[in-house]
Amino acid sequence: MGLFINSIFVFNHHFMKDLIAIEEWGFGTGRPFVIAGPCGAETREQVMKVAHQLARSGRVNLFRAGVWKPRTRPGVFEGAGTEALQWLTEMKQETGLPFTVEVATPAHTEQAVKAGADAIWIGARTTVNPFLVQEIAHSLEGADIPVLIKNPVNPDINLWVGAIERFSNAGLSKLAAIHRGFSSYENSSYRNKPTWEIPIELKRRYPQLPLICDPSHICGTTEPLAYISQFALDLNFDGLMLETHPDPENAWSDPDQQIRPDQLIGLLEGLVSRN
Ligand code: PEP
Ligand code: MN
């Protein structure tokens, strides 16, 4: 019994001790820390267009783009795959912006790392699956790459914590949580209900864990994006992940929630950081 309690203590202690602050990841110290880019990398031109505008603004810490897209139903754009990784590698060379992509398998992870991804993120549909999360974590054992873990689709804080712990136990110490809201069958004006008490509780349990809000997937539309972004900052979130596309209406995924890069920069300029 004594040994059992002791091992739990050591385990939790390890998880708390090793996290590195997001300002020390080498992507700048922006407050808020901003991750922005299109939902999906569609063409080389689209990637470059968005990235150059974001880079010029000087307000974006990390470029995001989905390369493998987890779509609800088959038969639609499922990401440009390996080819898109090449565009992102070139984007980074041209603009100097570091980039992150979503990975859902160890094979994705290996390809992303090989292409020079500066961080990877775990999507909401992957966080729900402890087997996959464990396999991805195992494939990164001892690596230095930052991992951003979105909340699971369902409002289960322990499933979210469990995914973060799997990466922590694999020796990773640049970890952050991304709050993207929770799926619900009820009618709601949100695509994914924010249920703010869940990320607040996560921050209460793990104050050192950087917490990023993804207003794009919470809202599902563009009108409330600025309000939700400001709300997250007022709750002391460390950063924002926002989707931006040069021609949102014609985006191949998530057209209703993306804004143009100039609109995104305007949104960021309008945010107030309070202490
Ligand atoms: C995305 O970021 O484009 C995405 C698929 O997000 P989520 O996993 O939050 O649904
Ligand atoms: Mn999306």
Go through the steps to decide whether Glu23 and Thr29 satisfy the test side chain to side chain contact (heavy atoms under 4.5 Å, CB included), and finish with yes or no. CA-CA 5 Å; Glu23 293 80 14; Thr29 56; 4.0 Å; yes
Verify, without hydrogens or angle tests, whether Asp118 (side chain) and Phe99 (backbone) share a donor-acceptor contact under 3.5 angstrom. yes
With sequence neighbours left out, which residue pairs that include part of residues 250-270 fulfil the side chain to side chain donor-acceptor pair (under 3.5 Å) condition? Arg191-Asp254, Arg191-Gln257, His217-Asp254, His217-Gln257, Glu243-Gln257, Asp247-Asn250, Asp254-Gln257, Arg260-Asp262
Would you kindly confirm whether Val103 and Ile145 end up in one hydrophobic cluster when ILVMFWY residues are joined by side chain heavy atoms under 4.5 Å apart? yes
Heavy atoms of Val161 and Tyr206 approach each other most closely as CG1-OH, 3.5 Å
After noting the C-alpha distance and the side-chain angles of Ile149 and Val147, does the key distance pass the side chain to side chain contact (heavy atoms under 4.5 Å, CB included) rule? CA-CA 6 Å; Ile149 300 120; Val147 181; 4.0 Å; yes
Any link between Met48 and Val67 through a network of hydrophobic side chains (Ile, Leu, Val, Met, Phe, Trp, Tyr) touching at under 4.5 Å? yes
What are the two closest non-hydrogen atoms of Pro210 and Asp238, and how far apart are they? CA-OD2, 3.5 Å
Looking at Thr126 and Ala104, would you say the former's side chain and the latter's main chain have a donor-acceptor pair under 3.5 Å? no
Is any side-chain heavy atom of Lys193 closer than 4.5 Å to one of Ser188? yes
Take Val113 and Leu140 through the test side chain to side chain contact (heavy atoms under 4.5 Å, CB included) and record every step on the way to the result. CA-CA 10 Å; Val113 169; Leu140 287 172; 4.3 Å; yes
Find out whether Asp18 and Ser168 are in side-chain contact, i.e. whether some heavy atom of one side chain is under 4.5 Å from a heavy atom of the other. no
Quick one: sort the Phe182 and Trp160 rings into parallel, tilted or perpendicular, breaks at 30° and 60°. perpendicular
If a pair satisfies salt bridge (Lys or Arg N to Asp or Glu O under 4.0 Å) and one of its residues is in residues 213-233, list it, with sequence neighbours excluded. Lys150-Asp214
Connected-component partners of Leu148 among ILVMFWY, side-chain separation under 4.5 Å: Ile20, Ile22, Trp25, Phe27, Phe33, Ile35, Leu62, Trp121, Ile178, Ile212, Met241
Counting only N and O atoms by type, is there a donor-acceptor contact under 3.5 Å from the side chain of Asn192 to the main-chain atoms of Val153? no
Among the clusters formed by ILVMFWY side chains lying less than 4.5 Å apart, do Phe167 and Leu159 turn up in the same one? no
Between Pro224 and Cys219, is there a side-chain heavy-atom distance shorter than 4.5 Å? yes
Between CG on residue Leu235 and SG on residue Cys213, distance to nearest 0.5 Å: 8.5 Å
Restricting to pairs with a member in residues 99-112, which pass side chain to side chain donor-acceptor pair (under 3.5 Å), not counting sequence neighbours? Thr82-Gln111
Gap separating the CD1 atom of Ile122 from the CZ atom of Arg166, nearest 0.5 angstrom: 12.5 Å
Taking OH in Tyr227 as the centre, count heavy atoms belonging to other residues, nucleotides or ligands within less than 6.0 Å. Is the count above 12? no
Is the backbone of Cys39 close enough, under 3.5 Å, to the side chain of Lys69 for a donor and an acceptor to pair up by distance? yes
Heavy-atom pair with the smallest gap, counting every atom of Gly40 and Gln46: O-NE2, 3.0 Å
Looking only at atom types and distance, does a side-chain atom of Gln134 sit under 3.5 Å from a main-chain N or O of Pro130, one as donor and one as acceptor? no
Rounding to 0.5 Å, atoms CG (Leu172) and CD (Glu141) come to a distance of 8.0 Å
In the structure I gave you, are the side-chain heavy atoms of His179 and Asn151 within less than 4.5 Å of one another anywhere? yes
To check you understand the geometry: which heavy-atom pair defines the closest contact between Ile120 and Ala112, and what is its length? CG2-CB, 4.3 Å
Nearest 0.5 Å please: distance from the OG atom of Ser184 over to the CG atom of Asn154. 12.0 Å
Validation row: Leu225, Ser216 side chains within 4.5 angstrom (heavy atoms): yes
Nearest 0.5 Å, please: how far is CD1 in Ile164 from CZ in Arg205? 10.0 Å
I'd like to know if the side chain of Gln230 reaches the main chain of Val272, judged simply by a donor and an acceptor atom lying under 3.5 Å from each other, with no hydrogens or angles considered. yes
Considering residues at least two apart in sequence or located in another chain, which fulfil the salt bridge (charged side-chain N to carboxylate O under 4.0 Å, His left out) criterion with Lys49? none
Atom pair CD1 (Ile265) and CG (Leu54), whose distance is rounded to the nearest 0.5 Å: 6.0 Å
Any sub-3.5 Å donor-acceptor pair from Arg180's side-chain atoms to Ile218's backbone N or O? no
Evaluate Phe231 against Trp196 for side chain to side chain contact (heavy atoms under 4.5 Å, CB included), listing each step before the verdict. CA-CA 10 Å; Phe231 199 88; Trp196 296 103; 3.4 Å; yes
Tell me the closest heavy-atom pair linking Lys203 and Leu209, and the distance in Å. NZ-O, 3.0 Å
Are Leu271 and Leu240 packed together at the side-chain level, in the sense that at least one heavy-atom pair is separated by less than 4.5 angstrom? yes
Indicate yes or no: does Glu24 engage Lys174 in a salt bridge with an N to O separation below 4.0 Å. no
Looking at every non-hydrogen atom in both residues, tell me the closest pair between Val47 and Ala41 and how far apart they are. CG2-CB, 3.7 Å
Linking I/L/V/M/F/W/Y whenever any side-chain heavy atoms sit under 4.5 Å apart, do Leu202 and Val128 land together? no
Dump the intermediate steps for salt bridge (Lys or Arg N to Asp or Glu O under 4.0 Å) on Arg44 and Glu83, then the final yes or no. CA-CA 9 Å; Arg44 174 188 276 109; Glu83 196 187 357; over 6 Å; no
Who passes side chain to side chain contact (heavy atoms under 4.5 Å, CB included) against Ala80, sequence neighbours left out? Ala84, Trp87
Answer yes if Phe77 and Leu85 sit in the same cluster of Ile, Leu, Val, Met, Phe, Trp and Tyr residues linked by side chain heavy atoms under 4.5 Å apart, and no otherwise. no
